[in-house]
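These notes are about the structure you will find just below.
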There are 2 protein chains.
Amino acid sequence: MTPKSKATIADVARAAGVSTATAGRVLGGYGYTSEEKKEHVLKAAQDLGYRPNALARSLITGKTRTLGVVAGDIQNPFYASVLRGISNVAEANGFGLLITNSDEARAKEVHSVELLAQKQVDGLIVTPSDTRKARHLHNLKAMGMPLVLIDRAVAGLMVDRVATDNIAAAEQAVRHLIAAGHRRIGIVAELVDEESGKLDAFLARAVAGDPIESETLYPSWQRLLGYIRAHRIEGLPVDPRLTLRAGSYSALAAQAVVSRLMTTPGQPTALFTTDGTMSEGAMRALTELKLSIPQDLSLICFDDLDWMSFHRPGITTVAQPRLAMGEAAARMLLERIRGEAFPPRTVLMPAELVERGSVARL
Amino acid sequence: MTPKSKATIADVARAAGVSTATAGRVLGGYGYTSEEKKEHVLKAAQDLGYRPNALARSLITGKTRTLGVVAGDIQNPFYASVLRGISNVAEANGFGLLITNSDEARAKEVHSVELLAQKQVDGLIVTPSDTRKARHLHNLKAMGMPLVLIDRAVAGLMVDRVATDNIAAAEQAVRHLIAAGHRRIGIVAELVDEESGKLDAFLARAVAGDPIESETLYPSWQRLLGYIRAHRIEGLPVDPRLTLRAGSYSALAAQAVVSRLMTTPGQPTALFTTDGTMSEGAMRALTELKLSIPQDLSLICFDDLDWMSFHRPGITTVAQPRLAMGEAAARMLLERIRGEAFPPRTVLMPAELVERGSVARL
DNA sequence: GATAATGGCGAGAACGTTCTCACATATGAG
DNA sequence: CTCATATGTGAGAACGTTCTCGCCATTATC
């Protein structure tokens with residue numbers, strides 16, 4: 001009844017008058033046991049309030065039935081949804097979830113991965129914060145740790161991966177704006193990168209139609225690429241003054257660049273934001289400047305946040321299947337943990353353009 | 001360099017030419033060791049890519065340096081923020097975080113708690129889904145498991161607890177509406193309860209000014225109580241037709257009741273929503289009915305969600321310190337884990353009314 | 001009636017750590 | 001010189017499970 005203190009298998013065995021081996025068998029459910037002894041053991045376990053110690057079990061089996069996740073920031077709706085997806089399938093399969101935040105910083109990510117590895121998780125789901133320098137992830141793979149990447153890839157790291165088809169999604173969104181008659185379309189993207197001159201070079205190459213290794217690009221660069229492709233396809237020039245780099249994953253930074261964009265001559269008639277945080281920053285800027293959507297500026301966002309549906313006007317946006325992405329990643333990871341050995345898979349999930357009222361026809 | 005496969009302390013000891021005891025001492029940092037052997041061991045550990053097995057360590061020390069959390073739903077902004085707060089202090093103290101969702105269902109919560117206990121977490125943070133029936137939590141406490149409750153209390157369970165001062169916060173919000181000249185104020189609250197007749201009885205008692213044991217009330221009931229108190233203080237009658245029960249923690253349910261309220265005679269001039277989900281449901285209803293804030297209806301919400309600041313008009317709301325609540329809970333839990341033994345503490349955090357543009361003066 | 005296969009059980013060795021000893025050596029005090 | 005104290009080391013026992021044996025019955029096979 002009242003589980004006083006911790007009872008072990010040995011205690012249960014003693015109370016039931018059997019060996020620890022037998023008690024272990026019925027409690028662990030892994031060998032032959034007579035109905036009679038089984039009853040005794042179960043009774044004793046019940047009385048003593050026996051609770052198996054997963055630590056000891058894991059130590060010997062080598063399996064913890066725990067998944068590790070290193071997300072960017074749990075508080076961000078994108079990660080929150082992805083995590084919920086992961087959690088759903090983990091729970092359905094009896095797995096626990098060890099969760100950490102990297103804040104998109106490589107050092108914190110390395111630290112997280114180390115913590116999770118020490119705790120002997122059976123597999124790891126990571127949104128890598130650096131698509132180039134990721135020795136810790138390569139090591140993980142070399143040691144045989146099942147690993148699934150979400151949202152981004154790592155150059156040269158052949159592991160399972162699930163992401164949105166960013167280029168196609170962005171291209172569709174921007175072409176939608178062009179089809180509505182817009183010719184000057186701004187884009188606000190995170191676009192972090194060590195080399196600050198990279199944006200111009202990238203623009204030049206993309207506009208020229210040079211082939212670009214897009215797989216290992218950060219999502220915001222991929223979405224920028226989609227933006228450029230849309231322009232190329234529709235025969236529109238890309239004005240570099242309209243490609244805004246926030247430089248960090250922060251709504252404040254986005255607000256600042258959008259504010260500047262809308263208060264200097266040569267304003268766009270439409271704006272494309274490349275993720276939830278950029279969308280929030282843009283909205284703040286527009287509110288501050290008292291600009292009306294879509295009269296003063298049309299808007300298409302990336303990622304469907306709760307408020308976009310009841311905002312007036314409704315915000316047209318590219319909806320990523322966040323929950324499904326998490327679920328898919330978790331499922332793939334569990335398959336690897338079970339030992340299945342296909343070649344590394346990349347699941348590119350389609351995003352859906354949900355049209356609401358934030359785009360004006362010109 | 002390249003950590004081929006798992007190296008144990010014994011492997012390192014062998015490579016360094018010392019006993020496992022000595023190797024353990026330098027790697028674990030817990031005894032005397034000469035500088036010379038220390039170097040050898042460290043070198044060997046480096047070469048072999050030694051990574052301590054936290055399972056084995058925990059098994060013998062009895063400490064896992066892992067906190068368990070059972071939240072309602074990670075995807076909900078309230079829980080997402082609280083979790084981030086918990087995560088911040090956990091990380092700063094070198095603790096891992098095992099997270100589960102209860103979806104506010106007792107059965108799932110029991111299951112979660114059992115999982116976390118088996119995994120031998122050092123302590124547990126729970127948002128209990130049932131304030132009365134919680135034997136699993138009583139058991140936990142009886143077994144000496146450090147436990148902190150967030151957002152809600154459990155009748156008769158004397159453990160540390162952190163919550164918002166809901167009654168005071170709601171009272172302040174409603175009085176703000178009354179001061180602005182509103183006389184018919186609606187309230188939308190979750191108000192789940194087994195007995196469906198309870199709302200009327202509760203209303204009758206509260207309006208009469210009968211003393212009510214408010215500590216173990218669900219937050220939505222507490223906020224309703226604050227609403228009633230505000231009316232009493234200001235000498236205003238409470239019209240039961242204006243107290244809306246969504247009945248479940250769902251935006252859809254809230255949308256439905258608000259829709260009905262605003263389309264039947266005797267509409268209120270202001271509305272108070274008691275949590276983020278209710279706010280979202282109310283916003284959907286208002287958008288659907290094309291009602292303008294604050295011209296057609298004034299609004300005060302509970303919990304400051306991202307969009308409320310850039311919505312036009314800005315939404316006046318009661319801001320809970322979600323992050324700080326999580327941090328406080330984690331800090332209290334860590335103190336208990338360290339063995340400090342004050343009597344059970346209740347931390348009631350003040351909420352702040354942030355005034356924006358959703359309240360009209362009548 | 002011997003041999004083999006099967007069900008049921010217990011002793012004891014794992015798993016990879018930490019921890020308790022006992023013991024060795026060096027240093028300082030009297 | 002002797003005793004105490006501090007520093008360093010290794011053997012081996014924990015921790016609470018699972019797993020591999022070997023043993024004993026019982027039943028099936030020829």
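We name chains A, B, ... by the order of the sequence lines, and we start the count at 1 in each one.
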Measure from [atom1] on [X] to [atom2] on [N] and round the result to the nearest Å.
| X | N | atom1 | atom2 | result |
| --- | --- | --- | --- | --- |
| B:Asn53 | C:dT18 | CG | C1' | 13 Å |
| A:Leu55 | D:dT17 | CG | P | 10 Å |
| B:Leu59 | C:dC19 | CG | P | 12 Å |
| B:Arg65 | C:dT18 | CZ | C1' | 15 Å |
| A:Lys37 | D:dA25 | NZ | P | 13 Å |
| A:Ile9 | D:dA14 | CD1 | C1' | 17 Å |
| A:Arg25 | D:dC21 | CZ | C1' | 11 Å |
| A:Asp11 | D:dT17 | CG | C1' | 13 Å |

Requested in this report: Would you indicate whether B:Lys108, at its atom NZ, is surrounded by more than 12 heavy atoms from other residues, nucleotides or ligands within a distance under 6.0 Å?
Outcome: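 Check passes, neighbour count above 12.
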
**Report entry** NE2 (A:His111) with more than 12 external heavy atoms under 6.0 Å
**Finding:**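 Incorrect, the count does not exceed 12.
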
Query - Trace of the side-chain contact (heavy atoms from CB on, under 4.5 Å) decision for A:Gln118 with B:Arg65 - result: CA-CA 12 Å; A:Gln118 289 192 5; B:Arg65 294 192 82 78; over 6 Å; no

Closest nucleotide among [options] to the [X] side chain:
| X | options | value |
| --- | --- | --- |
| A:Ala21 | D:dG10, C:dG16, C:dA11 | C:dA11 |
| A:Arg57 | D:dT17, D:dC19, C:dT18 | D:dT17 |
| B:Tyr30 | D:dG10, C:dT18, D:dT17 | C:dT18 |
| B:Thr61 | D:dT17, C:dT17, C:dC19 | C:dC19 |

Report task. Considering only NZ, NE, NH1 and NH2 on the basic side and carboxylate oxygens on the acidic side, decide whether B:Asp103 and A:Arg84 come within less than 4.0 Å. Result ->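 Salt bridge between B:Asp103 and A:Arg84, a charged N being under 4.0 Å from a carboxylate O: yes.
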
So, OP1 or OP2 of [N]: does either fall under 4.0 Å of a side-chain N or O from [X]?
| X | N | result |
| --- | --- | --- |
| A:Ser19 | C:dG10 | yes |
| B:Tyr32 | D:dT7 | yes |
| B:Ser34 | D:dT9 | yes |
| B:Thr22 | D:dT9 | no |

Query raised in the report: Any donor-acceptor pair under 3.5 Å between the side chain of A:Arg51 and the base of D:dG16?
Result: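 In this structure, the two groups form no donor-acceptor pair.
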
**Report entry** Under 3.5 Å: donor-acceptor pair, side chain of A:Asp160, backbone of A:Arg345
**Finding:**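 Present.
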
**Report entry** Toward the 5' end of DNA chain D, by each residue's nearest nucleotide, B:Ile60 or B:Glu35
**Finding:**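 Its nearest nucleotide lies further toward 5', so the answer is B:Glu35.
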
Requested in this report: Report which part of the nucleic acid B:Thr33 touches: base, sugar-phosphate, or nothing (heavy-atom distance under 4.0 Å, all strands).
Outcome: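 Sugar-phosphate, no base atom in range.
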
